[in-house]
Amino acid sequence: MIKVKAPVKLGKSTKKLINKLNYKDIAIIKHQDLDEMAAMSLVEKNVSAVINCEESVSGRYPNLGPQVLLKHHIPLYDVLKENNIFEKVTDNDVVLINHNKLFLNKNEIAQLELMSSEKLGVLHELAKQNLEIELEKFIDNTLTYAKQEKAIITDSNISMPNLSTQLKNKQVVIVVRGQNYRDDLITILPYIRDVRPVLIGVDGGADALVDFGCTPDIIIGDMDSVSDKTLLKCQEIIVHAYTDGRAPGLKRIEKLKLNKSLFPAAGTSEDVAMLLAYENGADLIVAVGTHTNMIDFLEKGRKGMGSTFLVRLKVGSKLIDARGVSKLYSKKFPLKYITSLCLAAMLPILVILIISQPLILEILKLRLRLFLDL
């Protein structure tokens, strides 16, 4: 039986909780269908355990977050029964998890259920059976949203921000902290270093670029998951606003006293980033970590992908996935080429040795005579 004792941090928004977690804290979250990216963020913080006040797997679809935590040996508990832990515990309280019970100051405050690989397997099998129903809903919602947001590709009067960064005829890399974004970035780092494309970070994607030693030229998004440190490094910040002009991320940028532009547009921030690159004449758009399938969007909490579908219709001729770049752009040479290069380099050395052999022997004889004083 697992026993864990550590300080806690609480957050009804896992994304916001991440910023205040310390090494080996216990994270208490309220996150139905824990998604892969949230789980990876918890893993990166090296938490001792995760307690979820919602169902980690509701059965709507096979979400990937619990599997990530189990793979990294981080215990995941669901709270049994309705229990408002958020009113009983505060940040930095030291709690004890023992025998599937949560204790504070030796008082039991909640009963827990440990997520095992066996239970997760059963829940995922049930979720797969529901996937067809979710797929039907998702398609219907996508078509509905597409009708509502068709101005993305039909309206030529979308209010684009004036950019100081030149995108015309440039190659552009757009980084989102989505599935496999780290692997995508690793594969295209040689391309980034050699071609030096314009780098656009979408919210936390800007931090991902900095983690890999790159400075984003533009940061775009609602500014809820990018660090202050990265914002201060970037020369151009674009706050994604709703079509009615409301921009929740604006206050944060103004508080940091940074220059910014507003981009009111429907859709996700990654959609808007692609639209921005396309409308400003980018020659090629390389996507890193973007959401491309139904599970991605369900994990992101969206009921459809109308705007994404429309934007990809518009920019598709210039858009390429980062993993495609890794196949097309590679610095690896076949072994036979490397062998040929080595032989070619050695050939002049061998010729010089052969030609100069008599001279080398005479020098050795002379040194020997001098040494023996003959």
CA sep, side-chain torsions, deciding dist, call: N52, V79, side chain to side chain contact (heavy atoms under 4.5 Å, CB included): CA-CA 6 Å; N52 197 351; V79 177; over 6 Å; no
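- Taking CD1 of I285 as the reference point, atom NZ of K170 lies at 14.5 Å (rounded to 0.5 Å).
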Derivation and outcome, side chain to side chain contact (heavy atoms under 4.5 Å, CB included), residues V95 and K5: CA-CA 6 Å; V95 300; K5 186 176 183 181; over 6 Å; no
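- Annotation: cation-pi pair K318/Y278 present, NZ/CZ under 6.0 Å from the ring centroid and within 45° of its normal.
- In this view, D283 satisfies the salt bridge (Lys or Arg N to Asp or Glu O under 4.0 Å) rule with no residue, not counting sequence neighbours.
- Panel note: side chain H124, backbone N63; a donor-acceptor pair is recorded below 3.5 Å.
- Heavy-atom neighbours of K88 NZ from other residues, nucleotides or ligands within 6.0 Å: above the threshold of 12.
- The pair K314-E279 meets the salt-bridge criterion, since a charged nitrogen lies less than 4.0 angstrom from a carboxylate oxygen.
- A donor-acceptor pair is defined here as one N or O able to donate and one able to accept, closer than 3.5 Å; no such pair exists between the side chain of N280 and the backbone of A277.
- Annotation for L209 and P216: closest pair CD1-CB, 3.9 Å, computed over non-hydrogen atoms.
- Cluster membership check: V57 shares its hydrophobic cluster with V43, using side-chain heavy-atom separations under 4.5 Å among Ile, Leu, Val, Met, Phe, Trp and Tyr.
- No path of Ile, Leu, Val, Met, Phe, Trp and Tyr side chains, each step under 4.5 Å between heavy atoms, connects F103 with V8, placing them in separate hydrophobic clusters.
- Note that the CD1 atom of I51 and the CG atom of L114 stand 11.0 Å from one another [nearest 0.5 Å].
- Note that the NZ atom of K15 and the CD1 atom of I29 stand 14.0 Å from one another [nearest 0.5 Å].
- V47 places none of its side-chain heavy atoms less than 4.5 Å from the side chain of I26.
- I219 is not connected to L275 by any chain of hydrophobic side-chain contacts under 4.5 Å among Ile, Leu, Val, Met, Phe, Trp and Tyr, and they are in different clusters.
- Using a 4.5 Å cut-off on side-chain heavy atoms (C-beta onward), I192 and L199 make contact.
- Between the side chain of D194 and the backbone N or O of Y191 there is no donor-acceptor pair closer than 3.5 Å.
- A salt bridge does not link D207 with R177: every distance from a Lys NZ or Arg NE/NH1/NH2 to an Asp or Glu carboxylate oxygen is 4.0 Å or more.
- The list of salt bridge (charged side-chain N to carboxylate O under 4.0 Å, His left out) pairs with a residue in residues 106-122, not counting sequence neighbours, reads K101-E108, E113-K119.
- Taking each heavy atom of L167 and L276 in turn, the nearest pair found is CD1-O, 4.1 Å.
- In this model, no donor atom of one side chain and acceptor atom of the other lie less than 3.5 Å apart for Q32 and S58.
- Between the side chain of N84 and the backbone N or O of F86 there is at least one donor-acceptor pair closer than 3.5 Å.
- Closest of all the heavy-atom pairs between P75 and S48 is CD-O, 3.2 Å.
- The backbone N or O of M223 sits less than 3.5 Å from a side-chain atom of R252, completing a donor-acceptor pair.
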Working for side chain to side chain contact (heavy atoms under 4.5 Å, CB included), residues V176 and V288: CA-CA 6 Å; V176 181; V288 172; over 6 Å; no
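- Of the N and O atoms on the side chains of D78 and S56, at least one donor lies less than 3.5 Å from an acceptor on the other residue.
- One hydrophobic cluster, built from ILVMFWY side chains closer than 4.5 Å, cannot hold both F263 and L231; they sit in different ones.
- Using a distance-only test at 3.5 Å, with no hydrogens or angles considered, a donor-acceptor pair links the side chain of K20 to the main chain of L10.
- Note on L102: it clusters hydrophobically with I2, by side-chain heavy-atom contacts below 4.5 Å among ILVMFWY residues.
- Pairing each heavy atom of S269 with each of D203, the nearest pair is OG-OD2, 4.2 Å.
- With values rounded to the nearest 0.5 angstrom, N100 atom CG is found 14.0 Å from K3 atom NZ.
- Atom CG of D244 is surrounded by more than 12 heavy atoms from other residues, nucleotides or ligands within 6.0 Å.
- A pairwise comparison of heavy atoms in I28 and L17 identifies O-CD2, 4.0 Å as the closest pair.
- Nearest heavy-atom pair across A49 and I74 is CA-CG2, 4.1 Å.
- By the side-chain hydrogen bond (donor to acceptor under 3.5 Å, both in side chains) test, N92 pairs with K9, sequence neighbours left out.
- A donor-acceptor distance shorter than 3.5 angstrom exists from the side chain of D35 to the backbone of M37, with no hydrogens or angles considered.
- For Q235, the CD atom is loosely surrounded, since the number of other residues' heavy atoms within 6.0 Å does not exceed 12.
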Side chain to side chain contact (heavy atoms under 4.5 Å, CB included) between L123 and M115, worked out: CA-CA 10 Å; L123 289 173; M115 181 68 73; 4.0 Å; yes
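- Put simply, the side chain of S261 never gets that close to the backbone of I238: no donor and acceptor are under 3.5 Å apart.
- Side chain of E236 to backbone of S164: a donor-acceptor contact under 3.5 angstrom is found.
- For T290 and E270, the side-chain atoms include no donor-acceptor pair closer than 3.5 Å.
- Salt bridge E125/K128: present, at least one basic N to carboxylate O contact under 4.0 Å.
- To the nearest 0.5 Å, the span separating CG on N46 from CG on N22 amounts to 11.5 Å.
- For the atom pair CG of L34 and OG1 of T14, the computed distance is 6.5 Å after rounding to the nearest 0.5 Å.
- Within the 3.5 Å criterion, the main-chain N or O of V226 finds no donor-acceptor partner in the side chain of T230.
- By the 4.5 Å heavy-atom criterion applied to side chains, I253 and V239 are counted as neighbours.
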